[in-house]
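Both ligands and their constituent atoms are indexed starting at 1 by order of listing. For the single chain, residues carry numbers from 1 onward in sequence order.
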Amino acid sequence: MSSKKKTCIVLGVTGGIAAYKACELLRLLQKRGMDVYVVMTKHACQFVAPLTFETLSGHPVAVDTFERPATWEVEHIALAKRADLFLIAPATANIIGKMACGIADDMLSTTVMATKAPVMIAPAMNTGMWENPATQQNIATLVSRGVHVVTPATGHLACGDSGAGKLEDVSVIAERAIAILEKKKDMLGLRVMVTAGPTREALDPVRYISNRSSGKMGYAIARAAMERGAEVTLLTGPVAIQPPQGVRVIPFMTTQDLLERALENVSGQDIIIQSAAPADYRAKEIAPQKIKKQGGTDMIIELAENPDVAATLGKNKRADQTFVGFAAETNDVLAHAKGKLEKKNLDMIVANDVTAPGAGFDVNTNIVTLITKEDMLSLPLMSKDDVADQILSGVLKLRK
Ligand code: CTP
């Protein structure tokens, strides 16, 4: 018999009618060789008895931190540590809200907060609850922290409504979970530098010129590269999202700043992915004091051209390095992107039409075309995390 430790999935079950489907999900995961431990919320126990999961999993089921013997206090940390993947299915609006806000008031919410394992949730709820801006904002928060979300399916719901909110098919959830666990460490030994976010060019001590870049695409690339085993340096402009843990973060403010940080770091890198949106112009002169209203006359601010970071780095690209740039366009997307690929000496350019719904600034999804000198791959609408993986796979293909 093999002495190899089985991969452990901690399965969180919350209180929705779809809780019964978690039994089948557990079985599917076991069939794929996983050792599954179950944590239930109190409400989940109203739908399925803990004994069912205890019998199926062959392990005690954790329910509540305070009602079980004191050993569970320690046990929830043990479970959090044991998990190779933490999967919550079905995930109610309540657990999603608690996770987004950092509330830990029962066994499941404390355990998921303590884990360092990848976390995946499969929401299931009434359509109105799913579409509620609070839920959507909580989902966006979790996605930005790297939580994998299996978007609910659309169909006939137990409450009688029809719409989005149905737990995705358990076989799909199981496959997504396995895919995360089997994610290849195919970037081990590679050093990747990612630039992300906007720049800020000061006009005076209180005002600046900037753009709508949120940094989400670059952060997703940094996270994905790290998960695939790369050593990641993230050069970031001022953004409102948290960098993934485990990457080296170097902040920048202006385009000149970005250029200097990039030049300091570029020679040690194998792959450079430039998703930052540096301002092409800066104020010719920064007013030392706050600029006062002119009282009825127009104001003209003279701008000076900034260096092109990608083009500057591209000039000294070594044969062993792979450079990727982005082209955020509003018209003639492919033609403009191909021009930039050439002009900036890039190996790949990721083109997107920022005016398309679901693409561009401040959303968690994107629609892109990956363009290389020989090839072009148009991808459908997908999460920025999935776009990140596609870009990295494309880069590895180029380096073969
Ligand atoms: N870029 C750069 N330095 C700049 C402007 C852009 O390094 N001053 C990089 C971006 O990080 C991106 C690529 O060049 O990878 C394309 O950026 P984009 O703003 O689309 O192109 P520009 O060259 O600025 O052209 P334009 O604004 O005229 O479309």
Side-chain angles (χ1 to χ4, degrees), residues 192-202 208-222 225 232-239 250-267 269 271-284 303-317 321-356 359-362 366-373 384 387-388 390-392 394-395 398:
V192 179
M193 181 166 88
V194 183
T195 73
T199 55
R200 278 184 192 169
E201 306 290 344
Y208 55 80
I209 303 174
S210 192
N211 58 64
R212 292 180 56 200
S213 169
S214 65
K216 284 182 177 174
M217 192 62 248
Y219 276 46
I221 296 167
V232 180
T233 302
L234 174 63
L235 270 54
T236 178
V239 295
I250 301 175
F252 62 80
M253 199 51 86
T254 63
T255 298
Q256 182 61 33
D257 227 10
L258 166 62
L259 177 63
E260 285 166 22
R261 303 290 90 75
L263 286 171
E264 280 160 17
N265 287 281
V266 68
S267 67
Q269 307 295 329
I271 297 164
I272 291 92
I273 303 181
Q274 302 182 69
S275 65
D280 290 329
Y281 293 91
R282 65 179 182 280
K284 210 161 188 175
L303 301 178
E305 195 173 346
N306 268 332
D308 188 311
V309 180
T312 311
L313 298 183
K315 282 194 186 117
N316 295 314
K317 185 173 71 173
Q321 291 180 312
T322 310
F323 282 25
V324 179
F326 275 72
E329 307 290 348
T330 54
N331 58 294
D332 299 326
V333 178
L334 299 181
H336 282 136
K338 280 182 188 160
K340 288 175 189 174
L341 177 78
E342 189 89 11
K343 213 170 82 192
K344 302 186 190 219
N345 195 19
L346 298 165
D347 300 288
M348 178 194 283
I349 193 147
V350 183
N352 69 334
D353 178 349
V354 286
T355 62
F361 305 112
D362 226 11
N366 214 346
I367 309 164
V368 303
T369 302
L370 310 186
I371 305 171
T372 62
K373 284 181 193 109
K384 286 187 173 169
V387 173
Q390 294 276 352
I391 294 169
L392 296 176
V395 166
L398 275 181

| message | Main chain of A279, side chain of N306: is a donor-acceptor contact present, judged purely on distance under 3.5 Å? | response | yes

| query | N211 side chain to S213 main-chain N or O, any donor-acceptor pair under 3.5 Å? | reply | yes

| query | So is P307 close enough to ligand 1, meaning a heavy atom under 4.0 angstrom away? | reply | yes

Contact (N/O only, under 3.5 Å) between [X] and ligand 1:
X: K344; answer: yes
X: A276; answer: yes
X: A311; answer: no
X: G325; answer: no
X: S275; answer: no
X: N306; answer: no
X: A310; answer: yes
X: K340; answer: yes

| query | Should you measure from each heavy atom of D308, which atoms of ligand 1 turn up under 4.0 Å away? | reply | 2 (C), 3 (N), 4 (C), 7 (O), 8 (N), 23 (O)

| query | Is the shortest side-chain N to carboxylate O distance from D308 to K343 below 4.0 Å? | reply | no

| said: Tell me whether R261 forms a cation-pi arrangement with F252, defined as NZ or CZ under 6.0 Å from the six-membered ring centre and within 45 degrees of its axis. | reply: no

To the nearest 0.1 Å, how far is [atom] from its closest protein heavy atom, and which atom is that?
atom: atom 5 (C) of ligand 1; answer: D280 OD1, 3.2 Å
atom: atom 3 (N) of ligand 1; answer: V309 N, 3.0 Å
atom: atom 15 (O) of ligand 1; answer: Q274 O, 2.7 Å
atom: atom 16 (C) of ligand 1; answer: F326 O, 2.8 Å

| query | Taking atom types as modelled, is there a side-chain donor on T255 or E201 under 3.5 Å from an acceptor on the other? | reply | yes

